[in-house]
Amino acid sequence: MTGRVLVVTGASRGIGAAVARRAGATGWRVAVHYGAAADAAAAVVADIRAAGGVAEAFPAEIADAASVAGLFAAVDAALGPAGGLVNNAGIIGGKFPLMDAPPGAIERVLAVNVAGTFHASAEAARRMARRRGGSGGAIVNLSSVVSRTGGLPEETHYAASKGAIDSLTLGLARELAPDGIRVNAVRPGIIATDIHDVHGGRAFLAGFGPQIPAGRPGTPEEVAATVLWLLSEEASYVTGALFDVAGGR
Ligand code: NAD
């Protein structure tokens, strides 16, 4: 068996799928995590294997600590302990004014985006930490430029969840550096994926393009390139950094 094991959460589509495919092509043994989309995850695994890589698909509810523990145990058994983690699974969680927030909606976006990132990071760190017999590793978190802009109208809950990702990235980078674990975040701008269905999908993406200095939304592959660089030894002295991949926005 060659290559270290990379867990990519929410890897059945969008940015996560692009990260998983690129990781498979660059020698990582890829754990393709998914929530419910088993067929889409299997297609990502098939793509990686067809290109000569190693991958397996694993389901878990990322907001649930026990489910995430089960995910990492299953990865241990099938591929080996994680040496890399990309905390990509996330939701916008709906579009609503604060005063009309549906019951439970704010709790849900924080549970998935923030608690889920903590749960997966803890499981990964237990396996990577030098103080626990591991050989170090790297974690990349998917934040967003909305952490510094406040977000699109009526999506403050999402922006706040990404602000928390920035803070936990800075804190965990310092906490885990003595264990040989680097922790960084990528902050995409508008990237062409299905996450935008909540506020208009393709029409939104087409309309937003002219507001971006680069003149267009980004692609999942453009985000994946930065994620894979941060996971690599090329970034061996990079930790606690927040990288905007946002076309100048
Ligand atoms: P996406 O909706 O295409 O993919 C998100 C993935 O997360 C899906 O596969 C989904 O099944 C999974 N997921 C969501 N909730 C889950 C849960 N509770 N348990 C398990 N899996 C769950 O979105 P995307 O655009 O590829 O976004 C990926 C990440 O990048 C997200 O964290 C998102 O916030 C962030 N991001 C995206 C953009 C963008 O413009 N697309 C911009 C900035 C940040």
Side-chain angles (χ1 to χ4, degrees), residues 7-22 31-45 57-68 70-71 85-94 104-105 107-120 140-149 151-152 155 157-166 168-169 185-202 204-206 208-209 211-212 214 216-224 226-227 242-247 249:
V7 177
V8 186
T9 68
S12 62
R13 71 181 205 181
I15 293 168
V19 168
R21 289 192 185 93
R22 193 176 181 103
V32 175
H33 159 261
Y34 64 96
D39 290 350
V44 174
V45 168
F58 303 88
E61 167 50 62
I62 215 72
D64 181 80
S67 184
V68 174
L71 161 67
L85 168 66
V86 180
N87 282 308
N88 168 81
I91 55 172
I92 290 177
E107 288 82 355
R108 179 64 181 164
V109 72
L110 295 175
V112 174
N113 294 3
V114 184
T117 296
F118 272 115
H119 298 328
V140 178
N141 300 320
L142 268 293
S143 175
S144 168
V145 296
V146 301
S147 70
R148 58 172 168 72
T149 67
L152 295 171
E155 295 180 7
H157 45 284
Y158 175 67
S161 77
K162 294 302 184 180
I165 297 297
D166 287 2
L168 74 85
T169 299
V186 172
R187 302 197 296 192
I190 300 291
I191 308 300
T193 74
D194 293 336
I195 203 170
H196 295 291
D197 288 354
V198 71
H199 44 224
R202 292 188 181 281
F204 164 81
L205 290 167
F208 206 92
Q211 300 178 47
I212 302 168
R216 63 170 177 86
T219 66
E221 291 73 24
E222 288 174 311
V223 179
T226 300
V227 171
L242 311 174
F243 276 85
D244 289 6
V245 181
R249 192 164 152 247

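Both ligands and their constituent atoms are indexed starting at 1 by order of listing. In what follows, residues are counted from 1 in the order of the sequence shown.
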I'd like to know if the side chain of His33 reaches the main chain of Val8, judged simply by a donor and an acceptor atom lying under 3.5 Å from each other, with no hydrogens or angles considered. no

Between Arg187 and Asp166, does at least one N-O distance fall below 4.0 Å, as a salt bridge requires? yes

Indicate whether the side chain of Thr117 and that of Asn141 have a donor and an acceptor atom separated by less than 3.5 Å. no

Could you pull out every protein residue that has a heavy atom closer than 4.0 Å to ligand 1, ordered by chain and then number? Gly10, Ser12, Arg13, Gly14, Ile15, His33, Gly35, Ala60, Glu61, Ile62, Asn88, Ala89, Gly90, Ile91, Arg108, Val112, Leu142, Ser143, Ser144, Tyr158, Lys162, Pro188, Gly189, Ile190, Ile191, Thr193, Ile195, His196

Output a table of donor-acceptor pairs, distance under 3.5 Å, between side-chain atoms of residues 34-44 and any protein atom two or more places apart or on a different chain; print 'none' if there are none.
none

Grab the two heavy atoms, one from Ser143 and one from Ala185, that are nearest each other, plus how far apart they are. CB-CB, 4.3 Å

Result of checking Val86, Val19, Ile62 against Thr9 for side-chain contact (heavy atoms from CB on, under 4.5 Å): Ile62

